[in-house]
Amino acid sequence: MPDSQPQPPHHDGAAEDTASLLLCGATLVDGRTVDVRLGRGRIEAVGTAGSLTAHTARVDLSGYLLLPAPAEPHAHSDTALTADVDGPVGYEVQDVQRRTTEAALLQLGHGATALRSHVRIGDVQGLGAMEAALQARRSLRGLTDLTTVAVPRLLTGIAGADGLAMLRDAVKMGASMVGGCPDLDPDPTGYVEAVLEVAAEHGCPVDLHTDGADPARLARLAAMAGGLRSVVTVGPCGGLGRMPAAVAARAAEGLAAAGVSVVCLPQGDCGGLERRGSGTAPVRLLRAAGVRVAAGSGALRDLANPVGRGDPLEAAYLLAAQHGLDADGAYAAVSSVARESMGLPEVRVEAGFPAELLAVRGTRLSGVLSLAYSRIVVHRGRVVARTSAVREYCDSAVAVALDLPRQGRVKGVGGTA
């Protein structure tokens, strides 16, 4: 029962500001069945089913759970979809732009209406990958919001001088954030200092890759980040899970005190650390210490994770199935907490909030995290992606007698569900 690929509708750049839409008969997580009217990119009204009328397009969401849309806080779109490439991976601008665009649309189909992509700069690629990612961001406007993190390899010593200059150039080009992996630099503390200096110069947020296996280094990072006015995020911090619990708890308290967010990767590795099997950060321990913990996807079918799905609902499922979070907390890690860590406005299914929504076939959040096949994605008040699946059983006597569930065609959503 595979998901079909989403086919976004034609995009009219002006439509998102004026178009209106009525979502009918949707179920909310509190069990209510409601109509939701959208307009000018926001939720205009929420009322009991059948109570809202409008001369506008309608989508029947009977049998769907309506949720705030997920956001993807940790993607690597420039290397996505390269695991099965025969021969050398192309890093020409056109190659990277195509991969970035395709990866963003795949994740949009899963429900992520905002994505943060870490883009490597320097080495043989120079600033070409960043140029490609920025071009993809422009072409995707109105479908999904893509932000970019400039990721240099080295920043200290003679070898790092070019990387530091290129990091500043990337910000001038339009990179949204600065980051990188201090663990790979001969002077990790110097690397962090350099990144934070550039962030302070340009007033931009910071997102750093670190395994977090060295508590002293993590404490220094937290101390330096605490003095920066910009938002600081670190991840995936799998090394925290390999520390003794007491040591990890002290490190978590330091991150919480500094206001540093952690993005864990429950679906597997990413290429930023250039190591495999680092494990997932101790989510419950971090949350208990007061750390804001979001969940990202990491690698999307590149060498770090050749079968990566880039699906935020799978990340939430794994947090619930393997890390002891309840369904609400697990989904929050890929939606409200992810958005907060990315500096995005809060989304609720209430009037006045941004119309960034995901409708999933099902009636309860636990069921949605278990079997999230059919999805309808709303970005800036418009349906931008649909993924449909059909479950059928043969017409045997047993199937009829047991009245096995079937998923059938739903009116108004343009396909089966």
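Keep in mind that what you see is a predicted model, and the values were worked out from it rather than measured.
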Problem set entry | More than 12 heavy atoms from other groups under 6.0 Å of CD on E350 | yes
Problem set entry | Pairs meeting criterion ring-ring contact (aromatic ring centres under 6.0 Å, His included) with involvement of residues 134-181, two or more places apart | none
Exercise. Out of S176, P73, P205, which one pairs with T147 under the side-chain contact (heavy atoms from CB on, under 4.5 Å) rule?
Worked result: S176
For this session: Would you kindly check if the NZ (Lys) or CZ (Arg) of R99 is within the cone defined by 45 degrees around the ring axis of Y91 and under 6.0 Å from the six-membered ring centre?
Result: yes
For this session: Compare every heavy atom of C264 with every heavy atom of L319, then report the nearest pair and how far apart it is.
Result: CD2-SG, 4.2 Å
Exercise. Under a 4.0 Å N-O cut-off, is there an ion pair linking E346 with R348?
Worked result: yes
Problem set entry | Test item: L358 and Y64 side chains (from C-beta on) under 4.5 Å apart, heavy atoms | no
For this session: Provide the full list of ring-ring contact (aromatic ring centres under 6.0 Å, His included) pairs with a residue in residues 132-166, sequence neighbours left out, each pair given once.
Result: none
For this session: Report yes if the side chains of L313 and L369 come closer than 4.5 Å at any heavy-atom pair, otherwise no.
Result: yes
For this session: Ignoring hydrogens and angles, tell me if any N or O in the side chain of R339 forms a donor-acceptor pair with the backbone of P345 under 3.5 Å.
Result: yes
Exercise. Has the side chain of T387 got a donor or acceptor atom that lies under 3.5 Å from a matching backbone atom of S374?
Worked result: no
Problem set entry | E356 with R380: basic N within carboxylate O range, under 4.0 Å | no
Problem set entry | Basic-acidic side-chain contact under 4.0 Å: R375, D311 | yes
Problem set entry | Heavy-atom donor-acceptor pair, R382 side chain to G142 backbone, under 3.5 Å | yes
Problem set entry | Residue list, side-chain hydrogen bond (donor to acceptor under 3.5 Å, both in side chains) with E253, at least two apart or on another chain | none
Exercise. Under the 3.5 angstrom rule, does the side chain of R301 hit a backbone N or O of A83 as a donor-acceptor pair?
Worked result: no
Problem set entry | side-chain hydrogen bond (donor to acceptor under 3.5 Å, both in side chains) against S341, all qualifying residues, sequence neighbours excluded | none
Exercise. Can you check whether D326's main-chain N or O pairs, donor with acceptor, with Y331's side chain at less than 3.5 Å?
Worked result: no
Exercise. Any ion pair linking R98 and E92 (charged N to carboxylate O, less than 4.0 Å)?
Worked result: no
Problem set entry | Distance, nearest 0.5 Å, that separates CZ of R217 from OG1 of T210 | 6.5 Å
Exercise. Can you list the residues that meet the salt bridge (Lys or Arg N to Asp or Glu O under 4.0 Å) rule with E193, with sequence neighbours excluded?
Worked result: none
Seminar exercise, completed: Residues passing the side-chain hydrogen bond (donor to acceptor under 3.5 Å, both in side chains) test with T233, sequence neighbours excluded, are none
Exercise. So, does D78 use its side chain to make a donor-acceptor pair with the main chain of R120 at under 3.5 Å?
Worked result: yes
Exercise. Step by step, would you call V171 with V178 a side-chain contact (heavy atoms from CB on, under 4.5 Å)?
Worked result: CA-CA 8 Å; V171 176; V178 291; 3.5 Å; yes
For this session: Indicate the atoms forming the closest heavy-atom contact of H209 with C270, along with that distance.
Result: CD2-SG, 3.7 Å
Exercise. CZ of R292 to CZ of R287: how many Å apart, nearest 0.5 Å?
Worked result: 12.5 Å
Exercise. Is the backbone of R309 close enough, under 3.5 Å, to the side chain of H110 for a donor and an acceptor to pair up by distance?
Worked result: yes
Problem set entry | Whether T82 side chain and D302 backbone form a donor-acceptor pair below 3.5 Å | no
Problem set entry | side-chain contact (heavy atoms from CB on, under 4.5 Å), paired with V378, selected from T113, L38, L66 | L38
Seminar exercise, completed: Heavy atoms of R58 and L21 approach each other most closely as N-CD1, 4.4 Å
Exercise. Any ion pair linking R137 and D145 (charged N to carboxylate O, less than 4.0 Å)?
Worked result: no
Exercise. Taking the side chain from T100 and the backbone from V96, do they hold a donor-acceptor pair closer than 3.5 Å?
Worked result: yes
Exercise. Is any side-chain heavy atom of R116 closer than 4.5 Å to a side-chain heavy atom of V149?
Worked result: yes
Exercise. Is there a donor-acceptor pair under 3.5 Å between the side chain of D185 and the backbone N or O of P188?
Worked result: no
Exercise. Quick one: are V36 and L22 in side-chain contact, heavy atoms under 4.5 Å?
Worked result: no
